[in-house]
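Shown next, in structure tokens, is the structure this report addresses.
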Protein chains: 2
Amino acid sequence: MPVGLSDEELERIDALIGMRLKIKRGEKLFREGDPFCNLYAVRTGFFKTCMLSGGGWAQVTGFQMAGEIIGLDGIVNDHHTCSAIALEDAEICAMPFDRLEDLSREVNALQHHVHKMMSREIVREHGVMLLLGSMRAEERLAAFLLNLAQRLNLRGFSKSELILRMTRQEIGSYLGLKIETISRTFSKLTDDGIVEVKQRHVRILNLDKLRSIINKINQL
Amino acid sequence: MPVGLSDEELERIDALIGMRLKIKRGEKLFREGDPFCNLYAVRTGFFKTCMLSGGGWAQVTGFQMAGEIIGLDGIVNDHHTCSAIALEDAEICAMPFDRLEDLSREVNALQHHVHKMMSREIVREHGVMLLLGSMRAEERLAAFLLNLAQRLNLRGFSKSELILRMTRQEIGSYLGLKIETISRTFSKLTDDGIVEVKQRHVRILNLDKLRSIINKINQL
DNA sequence: CGGGACGTTGACGGTCGTCAAAATTAGTGG
DNA sequence: CCACTAATTTTGACGACCGTCAACGTCCCG
């Protein structure tokens, strides 16, 4: 949240996000079709959002960790178009969107913050489109790991060691690859000495090499 | 724009979008890195937005036609992360974003409209992720044609006849396919009697069949 | 200990990318 | 208006990458 707010403004924003919920692993925060009322800020834990692709098959559209916002998809039609599922026990803040709109009319900084959040999500999705549209399996997985590591690093965790909260299946769905390809690609990265993988525990051994996988595109 | 606005409010919104620009085919409305000042509403013509993928290679992230908004990506970092290029001579309205924020603080309906626009873009991109992540070439092209036809139909054009304003290259970039694959897939749809293609002129001969290509996924 | 979810590995095949060449169209200047 | 070159599209042959199917291995939890 931006700085430069008066105490009174901070207090009012605080009142807005008063409602905190605990969500257990595997539970749904909301599902497609649910009426849209709240945005949700992740306080602790880890979520995935996914949508159904016609025939009951789910496509993961994103992973969210502490500080990130879930539910922006619901604004346009007053109901959600995807489900949000906790990948580990989590705690979230529910923010009633109508009150958020009310308050952001009075607090400029909040208004701008909301706009930035939505714009950030749009830009993130552009990046995913790039990934899905033009990268190969190894590049996709490398980009995915680097992105996770960077976001975890911003939150004070190691930038070279991370625990995957999602299954290979979910990684594959997000990256547009099958689970076997994810597994094989992890094996290849391991053989090349770039990462060390033990189940969901990943250690990045050679950050430069991992980065260079993505930048191979540059050399074309 | 939603209804139920007073004359005075309409007038103020009108003042906001006073600035109209003509853009010639091939010209850029903005490019990546440009400072962000305005959102743009397409009045006439056709645009593509695309971003560079590291090595000078462009990925098309969307096509915009009359009534659609361009530039939302720029809000988060005060500069654009993609380029917007006219695919035919076009006319657009530039809306200074800071004034849009000012005004939307006073006109509830405008505020909500802005939020919906951004949410709609997020949902659209979810759809593209689904397409890129889990559809095969024929399904992608079918979905693309149906989407174009539907949007054109909303604007009063035929739902079975359309003119592609973009090259095969650009379609391929958007759909994550190479130009040869686009060409081959058009040929296949033609052989199957589903569409008739003459250069950029496409006539949909069998809408049901075209739809069923996508719904094949359901049968898995 | 045993069942089930999850992950890994191998063999094989299909889809789509790559390379190359021809065909068609668009653009330019005489 | 036409000739000529550039750009775009189409088609074919071939191969790489990834999906599919199948079997096996591992971990978790009752």
Side-chain angles (χ1 to χ4, degrees), chain A residues 24-26 48 53 57-60 85 87-89 131-144 163-192 195-202 213 216-217 219-220, chain B residues 24-26 48 53 57-60 85 87-89 131-144 163-192 195-202 213 216-217 219-220:
Chain A
K24 284 217 170 295
R25 177 177 167 207
K48 70 169 174 180
S53 73
W57 195 213
Q59 162 94 15
V60 175
I85 300 172
L87 296 179
E88 57 179 1
D89 292 358
L131 182 145
L132 292 172
S134 65
M135 289 189 184
R136 293 177 311 135
E138 201 182 359
E139 296 161 355
R140 294 186 198 189
L141 190 58
F144 174 72
I163 294 177
L164 302 173
R165 303 300 179 179
M166 68 294 283
T167 66
R168 304 282 195 267
Q169 180 92 267
E170 287 158 345
I171 297 173
S173 174
Y174 182 61
L175 298 179
L177 299 168
K178 294 293 156 182
I179 182 175
E180 296 94 330
T181 304
I182 298 294
S183 186
R184 265 185 263 272
T185 309
F186 266 127
S187 299
K188 180 168 188 316
L189 291 179
T190 303
D191 291 347
D192 294 349
V195 300
E196 193 178 87
V197 183
K198 273 187 188 153
Q199 319 198 181
R200 298 198 177 177
H201 192 108
V202 176
I213 289 175
K216 272 182 190 170
I217 308 173
Q219 297 157 17
L220 295 180
Chain B
K24 285 217 172 295
R25 177 176 167 209
K48 69 170 175 181
S53 72
W57 195 212
Q59 161 96 17
V60 175
I85 301 172
L87 296 179
E88 58 180 0
D89 292 357
L131 183 145
L132 292 173
S134 65
M135 290 188 183
R136 293 178 309 136
E138 200 181 1
E139 297 161 354
R140 294 185 198 189
L141 190 59
F144 174 72
I163 294 177
L164 302 173
R165 303 300 179 178
M166 68 293 284
T167 66
R168 303 282 194 267
Q169 181 92 274
E170 288 157 344
I171 297 174
S173 174
Y174 182 60
L175 298 180
L177 299 167
K178 295 292 157 182
I179 183 176
E180 295 94 331
T181 303
I182 299 293
S183 185
R184 265 186 264 270
T185 309
F186 265 127
S187 299
K188 180 169 189 316
L189 291 179
T190 303
D191 292 347
D192 293 349
V195 300
E196 194 177 87
V197 182
K198 271 185 189 155
Q199 318 196 185
R200 300 199 177 177
H201 192 107
V202 176
I213 289 175
K216 272 182 192 171
I217 307 173
Q219 296 158 18
L220 295 181

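Bear in mind that the values here come from a model prediction, so they are computed numbers and not experimental data. In what follows, chains carry the letters A, B, and so on, assigned in the order in which the sequence lines appear, proteins first and then strands, with residues in each chain numbered from 1.
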Confirm from the modelled atom types if [X] and [N] form a donor-acceptor pair under 3.5 Å, side chain to base only.
{"X": "A/R200", "N": "C/dG7", "answer": "no"}
{"X": "B/R140", "N": "C/dT15", "answer": "no"}
{"X": "B/R136", "N": "D/dG19", "answer": "no"}

Can you tell me how far [atom2] of [N] sits from [atom1] of [X], to the nearest Å?
{"X": "A/L189", "N": "C/dT8", "atom1": "CG", "atom2": "P", "value": "12 Å"}
{"X": "A/K198", "N": "C/dT8", "atom1": "NZ", "atom2": "C1'", "value": "17 Å"}
{"X": "B/F186", "N": "D/dT10", "atom1": "CZ", "atom2": "P", "value": "8 Å"}
{"X": "A/E138", "N": "D/dC18", "atom1": "CD", "atom2": "P", "value": "9 Å"}
{"X": "A/I171", "N": "C/dC6", "atom1": "CD1", "atom2": "C1'", "value": "12 Å"}
{"X": "B/M166", "N": "D/dT9", "atom1": "CE", "atom2": "P", "value": "11 Å"}
{"X": "B/H201", "N": "D/dT8", "atom1": "NE2", "atom2": "P", "value": "21 Å"}
{"X": "A/E170", "N": "C/dC6", "atom1": "CD", "atom2": "P", "value": "8 Å"}

Examine D/dC17: is either OP1 or OP2 under 4.0 Å from a nitrogen or oxygen in the side chain of A/T181? Give yes or no. no
Determine: side-chain N/O of A/Q199 to OP1/OP2 of C/dT8, distance under 4.0 Å, yes or no. no
A/V197 vs B/R25, nearer the 5' end of DNA chain C by closest nucleotide: A/V197
Using a heavy-atom cut-off of 4.0 Å across all strands, would you classify B/G172 as base, sugar-phosphate, or nothing?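 Counting heavy atoms under 4.0 Å across all strands, no contact is made by B/G172.
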Name the nucleic acid region contacted by B/T167, choosing base, sugar-phosphate or nothing; use a 4.0 angstrom heavy-atom cut-off, strictly under.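 Sugar-phosphate contact only.
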From CA spacing to verdict: side-chain contact (heavy atoms from CB on, under 4.5 Å), A/L87, A/E170: CA-CA 10 Å; A/L87 296 179; A/E170 287 158 345; 3.7 Å; yes
Looking at every non-hydrogen atom in both residues, tell me the closest pair between A/L132 and A/G176 and how far apart they are.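 Looks like CD2-N, 3.8 Å.
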If you assign A/I182 and B/E180 each to the DNA chain D nucleotide with the nearest heavy atom, which residue ends up on the more 5' nucleotide?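 Mapping each residue to its closest nucleotide by heavy atoms, the 5'-most match is B/E180.
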Assuming nearest nucleotide by heavy-atom distance, tell me which of B/R184 and B/Q169 is located more 5' along DNA chain D.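 On the 5' side of the pair lies B/Q169.
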Side chains of A/T167 and A/R200, heavy atoms from C-beta outward: is any pair under 4.5 Å?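 Side-chain contact under 4.5 Å: yes.
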Can you list the steps and then say if A/I163 with A/V202 is a side-chain contact (heavy atoms from CB on, under 4.5 Å)? CA-CA 6 Å; A/I163 294 177; A/V202 176; over 6 Å; no
Show your reasoning for whether side-chain contact (heavy atoms from CB on, under 4.5 Å) applies to A/K188 and A/E138. CA-CA 9 Å; A/K188 180 168 188 316; A/E138 201 182 359; 3.4 Å; yes
Check this for me: A/R25, atom CZ, are more than 12 non-hydrogen atoms of other residues, nucleotides or ligands nearer than 6.0 Å? no
Degree of bending in the helix from C/dC1-D/dG30 to C/dG30-D/dC1 once both end axes are built from five pairs, to 10°: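 Helix axis angle between the two ends: 50°.
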Residue of the set A/L141, A/L189, A/D192 for which side chain to side chain contact (heavy atoms under 4.5 Å, CB included) holds with A/I213: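 That would be A/L189.
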For the side chain of B/S183, counting heavy atoms from C-beta on, which of D/dC28, D/dG19, D/dT11 is nearest?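 Of D/dC28, D/dG19, D/dT11, D/dT11 is nearest to the side chain of B/S183.
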Given the rule in the side-chain contact (heavy atoms from CB on, under 4.5 Å) test, do B/F186 and B/R168 qualify, once you have shown the distances and angles that lead to the verdict? CA-CA 10 Å; B/F186 265 127; B/R168 303 282 194 267; 3.8 Å; yes
